[in-house]
Amino acid sequence: MAARTILHIDMDAFFASIEQRRNPALRSRPVAVIGRGHRTVITTASYHARRYGVRTGMNIYEARRLCPQVVFVKANNRIYTDTSRRILAILEGFSPKIEPFSIDEAFIDVTGSTSLFGTPRTIALSIKKRIREETGLGSSVGIGPNKLMAKLASSMQKPDGLVLIEEGEVRSVLERLPVERLCGIGRKLAGRLNAMGIRTCGQLADCPAGILKSSFGMTGERLKLMAQGIDTSPVASVEEQERTRSVGHSITLPRNTSDTKTLKAYLLRLSEKVCSRARKHGLAGTRLILTVRYSDFHTFTRSRPLPCPTNDTRAVYLHALRIMDSIELKKAVRLIGIAMDVLARHLCQESLFEEDRRRTDLLRAMDTVNESFGEFTLTWGTILESRGETGVISPSWRPTGARNIDET
DNA sequence: TCTGGGGTCCTAGGACCC
DNA sequence: TCTGGGGTCCTAGGACCC
Ligand SMILES: [Mg+2]
C-alpha cells in the first residue's frame, strides 16, 4: 500500500467542555456530565474533575465521594450531536475521506490534501484552529501512517495536543509502549499478555507468531501486526461503511422489578424505538435478541429469528413477548433490552417482507408526527405505563445513518 | 446509594449434513 | 473391534470501542 497520512481528531472532554462553553460559571469548577435518574453514570468529566479521579462510567455517588465540589450537569444530547455535525463539516473542507469514529472522534485521510493545504502538521493546526473558532472547543490531533498510529498519537498528548508519528518513528514509539495503549487491546487481552510476560508492544512484536496463534487464534495474528504498527484498514466514509448489522435499545429500570406486566410495557416501548429507527433507515429485522440483566448484574440474552423480515412494532413486540415468556426469571430485573439483526429493506425478498399496506401507512403517519413533535407523541396504550430512563448518550452515535441516541 | 447505552466482531459447542 | 472428518448454521457469551 502506498504511504498514507491519517489524522485522528479527538475532542477534549467533549460534553463537559460544551457545557462549560454554554455556562461560564462552570468554567472554573469540576464538571461531570450525567444522564437521567439515580442510576446514571458519568459520561464525561472535565479535566478538573479528572484530577480527583472522576471517570467515565463511574456512578454519581462515587464521583461525589471523590470530588465533593463536582458539578453534575444533565446531558443535552441534541447540542452534542449538532456540535459533532459542525465539526465534521469543518473536516470536510480538508478531505472527503472522513470516518466518524464516535460522537467526538474522527479519522481523516489527508494523503491527497497536502498540495492544497500544506504539510500534515499544518493541516492539523488548521483543523484545530477552525474547530476552536467555530465551536470554542479544544481538540487533540494525532498524525500517523495509518489509523492505529494516528489514534495512538492523539492519545499521547491531551488536552490541546498535536502529535506526529512518522513512518520511521513507529518502531521506536512502540518499543516500550504498554500493549494496552493500543486501540483494540483492552483489560482482558492485556492481562493475558502480561501473564505471558508480554508488557510492551516491542515484546509483543517479538513474540513468535505460533505462540500468539495458539493462545489467541485469529486475534493473535492481528495482535502481532498491531504491535508492529501495521494497520491497512482504510478510512471509510459513512457511505463506504459496511451496512448496519443491528439496531437495539435497552434500559436500566428506575428500580428492579420482577413484575412481568411492567417488563412487557417496557418491551413495547423498546420495540417502538427499535422499529421506528429501522423504518426510518429502511432496515428490516431478521432476528430479535432479548437482553436481561438481573439485580446482581448477571446478564444474559435469548434470541429467536423473526419468521420474516419486519420492522413493524407490533410484530416485533409480540415476538419479544414470546421470547420473554420462554424465560423463567430467577431474580429481580435491573435492565431489559432488545436488539434486532437487520438487513437493508430492499434486500429482503418482497414476498418475505411482511407488509400490510394500511398498516405501513399508519406506521409512516405516526413516524412523521413523532419526528415533528417528539418521540412517543403518538404511541400505543401500554407504552404509557413505562416511564423513566437514564437518558445517557451513546458515543457510538453517528451523524448520519442508523446509529442513534436519544436527542431529547 | 454502587455500577448507562449503543454498537462490532470473534469464539465455541452442538446440531445437522455429506 | 473400533468407531471419519469436514463443513455450515445456530445460539450464547464475551471482548472491545466510544
Ligand atoms: Mg474525546
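So that the names make sense, note that chain A is the first sequence line, chain B the second, and so on, each numbered from 1. Just so it is clear, the values below take in all heavy atoms, side chains as well, and ignore hydrogens, waters and symmetry mates.
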Which nucleotide in the set B:dG5, C:dC17, B:dT3 lies at the smallest distance from any side-chain heavy atom of A:R334?
B:dT3
Expressed as a whole number of Å, how far does the C1' atom of B:dC16 sit from that of C:dG4?
16 Å
Using whole Å, what does the distance between atom P of nucleotide B:dG6 and atom CG of A:D104 come to?
18 Å
Using the side-chain heavy atoms of A:R302, tell me which of these nucleotides is nearest: B:dG6, C:dC17, C:dG13.
C:dG13
Atom pair distance, as rounded to whole Å: NZ in A:K273 and P in B:dG4:
15 Å
Side-chain N,O (A:S303) to OP1/OP2 (C:dA12) below 4.0 Å:
yes
Identify whether any heavy atom of A:L335 sits under 4.0 Å from a base atom; if not, whether one sits that close to sugar-phosphate; answer base, sugar-phosphate or nothing.
sugar-phosphate
A:K151 vs C:dC18: side-chain N/O to OP1/OP2 distance below 4.0 Å:
yes
Syn/anti state of B:dC2 by chi, 90° boundary around 0
syn
Base, sugar-phosphate, or nothing: which does A:E242 touch, judged by heavy atoms less than 4.0 Å apart?
nothing
Can A:E221 and A:K213 be counted as an ion pair, charged N to O under 4.0 angstrom?
yes
Just to be sure I understand the geometry, which residues of residues 286-300 of chain A put a non-hydrogen atom under 4.0 Å away from DNA chain C?
A:R287, A:F300
Should the pair A:F107 and A:F101 be assigned to parallel (<30°), tilted (30 to 60°) or perpendicular (>60°) ring geometry?
perpendicular
Testing B:dG7, B:dG4, C:dC17 for proximity to the side chain of A:R277, the answer is B:dG7
Rounded to whole Å, please give me the gap between CG in A:N256 and C1' in B:dT1.
13 Å
By the Watson-Crick or G-U definition, both distances under 3.5 Å, C:dC18 is matched with B:dG5
Would you say that A:I336 contacts A:L270 through its side chain, given a criterion of any heavy-atom pair below 4.5 Å between the two side chains?
yes
Spacing between A:D12 atom CG and C:dC18 atom C1', to the nearest angstrom:
15 Å
Could you tell me whether a side-chain N or O of A:E134 sits under 3.5 Å from a main-chain N or O of A:R130, the two making a donor and an acceptor?
no
Separation of atom CZ in A:R181 from atom P in C:dC16, rounded to whole Å:
16 Å
At under 4.0 Å between heavy atoms, what does A:I60 touch on the DNA or RNA strands: base, sugar-phosphate, or nothing?
nothing
Taking the side chain as every heavy atom from C-beta outward, state whether A:V170 and A:P145 have any atom pair closer than 4.5 Å.
yes
Between the side chains of A:R85 and A:D82, is the shortest nitrogen-to-carboxylate-oxygen separation below 4.0 Å, so that they form an ion pair?
yes
Residue pair A:R245/A:G57 against DNA chain B: nearer the 5' end by closest nucleotide is A:G57
Cation-pi, A:Y47 ring and A:R51 (6.0 angstrom, 45 degrees)
no
OP1 or OP2 of B:dG5 under 4.0 Å from side-chain N/O of A:H249:
no
Do the side-chain N or O atoms of A:T219 get closer than 4.0 angstrom to the phosphate oxygens (OP1, OP2) of B:dC10?
no
With respect to the phosphate group of B:dG4, does any side-chain polar atom (N or O) of A:S250 fall under 4.0 Å of OP1 or OP2?
no
May I have the distance from A:Y80 (atom OH) to B:dG5 (atom P), rounded to whole angstrom?
17 Å
Between A:T56 (side chain only) and A:I42 (backbone N and O only), is there a donor and an acceptor less than 3.5 Å apart?
no
When you measure from the side-chain N and O atoms of A:T43 to the phosphate of B:dG4, is any distance below 4.0 Å, counting only OP1 and OP2?
no
Using modelled atom types only, decide if a donor and an acceptor are shared between the side chain of A:R55 and the backbone of A:A63 within a distance under 3.5 Å.
no
Integer-rounded Å distance: B:dG6 C1' and A:M340 CE
15 Å
Phosphate OP1/OP2 of B:dT8: any A:S246 side-chain N/O under 4.0 Å
yes
Between C:dC17 atom P and A:K188 atom NZ, what is the distance in whole Å?
13 Å
